[in-house]
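Below: one structure, written as structure tokens.
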Number of protein chains: 2
Amino acid sequence: MVARIARKEEYAGACRIYLYNEVIVIARERKFTTDDLFRETGHVLLAQGYEGFTFSILAERLQVSRGALYKYYDNKDELISDFMIHEMDRFLAELREIDNCPDFESRFRYLLDLIFKRRTIHQLISSVQQIPRSGNAKVKANLARLDQLHLDMYARLGSFVGQGRREGKLRSHLPDGLVLGFIFQSIMIPNHSGIPYEEWVAAIEDIIRHGIMA
Amino acid sequence: MVARIARKEEYAGACRIYLYNEVIVIARERKFTTDDLFRETGHVLLAQGYEGFTFSILAERLQVSRGALYKYYDNKDELISDFMIHEMDRFLAELREIDNCPDFESRFRYLLDLIFKRRTIHQLISSVQQIPRSGNAKVKANLARLDQLHLDMYARLGSFVGQGRREGKLRSHLPDGLVLGFIFQSIMIPNHSGIPYEEWVAAIEDIIRHGIMA
DNA sequence: GATTAAAGTGACAAATGTGTCACTTTGGGT
DNA sequence: ACCCAAAGTGACACATTTGTCACTTTAATC
């Protein structure tokens, strides 16, 4: 009698498998969760960049054999694009919450906090842009979805700037893209001199608001 | 009789070789100059990043065989670190000219222009930082020299900020590193909306001076 | 035309990354 | 104790990159 899987649910470190006869079978415990996988994927991607990202490095960090990873992803492009969709989803979910803020001023602070918390997303995006568009179907679909998520992000940020203009808070002659670019880029300034975090963030907010000149 | 080279002078596409008896011999013309080599090194490094940089790609772009490149550099780390010293030297030579500007205001405009002209240098630096410090002696020496050049750069930029403070032009509570970081990072903002160059630069200068808020 | 020495080539071996797969391990239920 | 199926392993074949080197080409002088 051949078993057919009806449903498969992953949880911390293991898998519930529901067979055709509704009997629960718990298979061998996994050595790493999808969370582990994505977390390490992010670390390796940030440290090594797209070209330097290999399944060997990832497998070593997860303490599994390279072959085990191929059980989940056929190649690094599929993994990285899947990972990036996951990251963008998380980011967008939090970005949507900006609508709960009543006015532009509180939205500005919320956005700044959010970008600080997710400050690696910029660098990750530039890694993803190195994935060849000519890849396989799964990768193509993922990249298309990412383009969609990007557009969604820009639309939301655009409406944030729009509100700022309507409330007369923003200097009106500055292009939208530049205002947003400034906020995004500022977060990436390396704190070489080791100024305490709170102080550093406050100074960045100040400089975005009013510039460097007296 | 064994020939010994006393001096060797490279010029556009060829090489003058001065032999022990002072007789000039012009060897086979080179297919690429050091300028060509560095220019393409820069392009490939920007397009592919450190890990994606290979002698194969470089050789193809220079229309020579891969073997030819090994006549000049033993491996990519030596080439890239040499190239980066060359870039930093050029940048610093121009940065030193800032002393010819009389006041802070003119220095500010000069620095902005310079960073715009050399806006790739930031990304190149991050590629160079991926070179393993454990490499061979030549690479180690080059990286040490680069650290030196970095310090020189920061010192000069620091004195620029210092003058701004003395002249009372800069908002006094902002940390030096943040002011400089802000100027550097601004240049990297991608102009997605395709705003004309002059307009874009003017808007960036404006936002650096006075921020985004009305 | 012979000689010279640098410039360049292409074939080779070594190292590393990629993808596959038969096999073993595991943790249940029967 | 036996079966099942997913999880994991390690060896294999293949591709790409790296570094070397004997050889050819070139542009001059003798």
Taking atom C1' of D:dA27 as reference, at what distance in whole Å does atom CD of B:Glu29 sit?
-> 9 Å

Tell me what A:Tyr73 touches on the nucleic acid: a base, only sugar-phosphate, or nothing, going by heavy atoms under 4.0 Å.
-> nothing

Between C:dG8 atom C1' and B:Leu69 atom CG, what is the distance in whole Å?
-> 10 Å

At under 4.0 Å between heavy atoms, which parts of nucleotides 17-24 of chain C does protein reach? Answer with one letter per nucleotide, 5' to 3': B base, S sugar-phosphate only, - none.
-> SBBB----

Could you state the CZ-C1' distance from A:Phe32 to D:dA6, rounded to the nearest angstrom?
-> 12 Å

Hey, could you give me each pair passing salt bridge (charged side-chain N to carboxylate O under 4.0 Å, His left out) that has a residue in residues 37-53 of chain B? Not counting sequence neighbours.
-> B:Asp36-B:Arg39, B:Glu40-B:Arg61

Would you say the side chains of B:Tyr50 and B:Asp77 form a donor-acceptor pair under 3.5 Å?
-> yes

Once you round it to whole Å, what is the distance between P of C:dG8 and CD of B:Glu60?
-> 17 Å

Value in whole Å for how far the P atom of D:dT9 lies from CG of A:Leu62 = 11 Å

B:Phe182 and A:Phe182 aromatic centres sub-6.0 Å | yes

Is the A:Tyr73-A:Phe83 ring centre distance short of 6.0 angstrom?
-> no

Whole Å only: how far is the CG atom of A:Asp36 from the C1' atom of D:dA7?
-> 15 Å

Backbone N/O of A:Ile195 and side chain of A:Ser193: donor-acceptor pair under 3.5 Å | no

Euclidean distance, atom NZ of residue A:Lys31 to atom C1' of C:dG27 [Å, nearest integer] = 16 Å

Rounded interatomic separation in angstrom, taking CG from B:Leu79 and C1' from D:dT17 = 16 Å

Is it true that A:Arg118 and A:Glu87 have a side-chain N and a carboxylate O under 4.0 angstrom from each other?
-> no

